[in-house]
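The structure appears right after this line, and notes come after that.
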Amino acid sequence: MSIVAIFLFWPLAIPAIINASKVNPLLQQGDYAGAQAAAAESKKWSKWALIVGIAWIAIVLVCCVGGSVIGALSGNTAMSY
């Protein structure tokens, strides 16, 4: 999930990847509580990155479509000499 999140909103996906990379070493050390905490943090950051990224894409699409519709409805406003 954190790898997908990096394509949507990378500033929040970086902590997700850092925390996800801590899970396997903690499991190998036998620190199951630490591994669960790192996985939970990674999931939290990934979720926020996905939410912000999808919201950002939606806002951009609404603005582009809205601007196109307004431009099309306004007609030909170019001045001819």
Side-chain angles (χ1 to χ4, degrees):
M1 190 159 130
S2 57
I3 299 299
V4 173
I6 202 152
F7 293 110
L8 293 175
F9 195 71
W10 64 268
L12 294 179
I14 290 174
I17 291 174
I18 290 171
N19 282 311
S21 68
K22 293 178 184 178
V23 173
N24 281 338
L26 289 172
L27 281 175
Q28 290 173 352
Q29 294 173 359
D31 186 8
Y32 298 111
Q36 275 188 324
E41 279 290 309
S42 176
K43 185 177 180 180
K44 178 186 76 170
W45 285 106
S46 296
K47 194 180 295 185
W48 276 110
L50 289 172
I51 290 169
V52 171
I54 291 170
W56 180 255
I57 290 171
I59 290 169
V60 168
L61 286 175
V62 167
C63 289
C64 288
V65 170
S68 298
V69 168
I70 290 172
L73 292 177
S74 67
N76 187 7
T77 58
M79 297 179 69
S80 59
Y81 294 101

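Between the CD1 atom in Ile17 and the CH2 atom in Trp45 there is a gap of 13.0 Å [rounded to 0.5 Å]. Once rounded to the nearest 0.5 Å, the distance linking CD1 of Ile3 with OG of Ser46 reads 8.5 Å. If you take CG on Leu12 and CG on Leu50, they are separated by 10.0 Å, rounding to the nearest 0.5 Å.
Among residues two or more places apart in sequence or in another chain, the side chain to side chain contact (heavy atoms under 4.5 Å, CB included) test is passed with Val60 by Trp56, Cys64. The salt bridge (Lys or Arg N to Asp or Glu O under 4.0 Å) search around Lys47 returns none, not counting sequence neighbours. Scanning for side chain to side chain contact (heavy atoms under 4.5 Å, CB included) contacts around Leu26 gives Lys22, Gln29, Asp31, Ala35, Ala38, with sequence neighbours left out.
Nearest approach of Ser42 to Ala16, heavy atoms of both residues: OG-O, 2.9 Å. The shortest heavy-atom contact between Ala49 and Ala13 is CB-N, 3.9 Å.
In terms of hydrophobic clustering, with Ile, Leu, Val, Met, Phe, Trp and Tyr side chains grouped at heavy-atom distances under 4.5 Å, Trp48 and Ile54 are assigned to different clusters. Side-chain heavy atoms closer than 4.5 Å link hydrophobic residues (I, L, V, M, F, W, Y) into clusters, and following such links, even through other members, never connects Ile14 to Ile51. Put simply, Trp10 and Phe7 are part of the same group of oily side chains (I, L, V, M, F, W, Y) that touch within less than 4.5 Å, one to the next. Cluster membership for Ile57 and Val52, using ILVMFWY side-chain heavy atoms within less than 4.5 angstrom, is not shared.
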| query | How far apart are the C-alpha atoms of Val62 and Ile59, what are their side-chain angles, what is the distance that settles it, and do they pass the side chain to side chain contact (heavy atoms under 4.5 Å, CB included) test? | reply | CA-CA 5 Å; Val62 167; Ile59 290 169; 5.8 Å; no

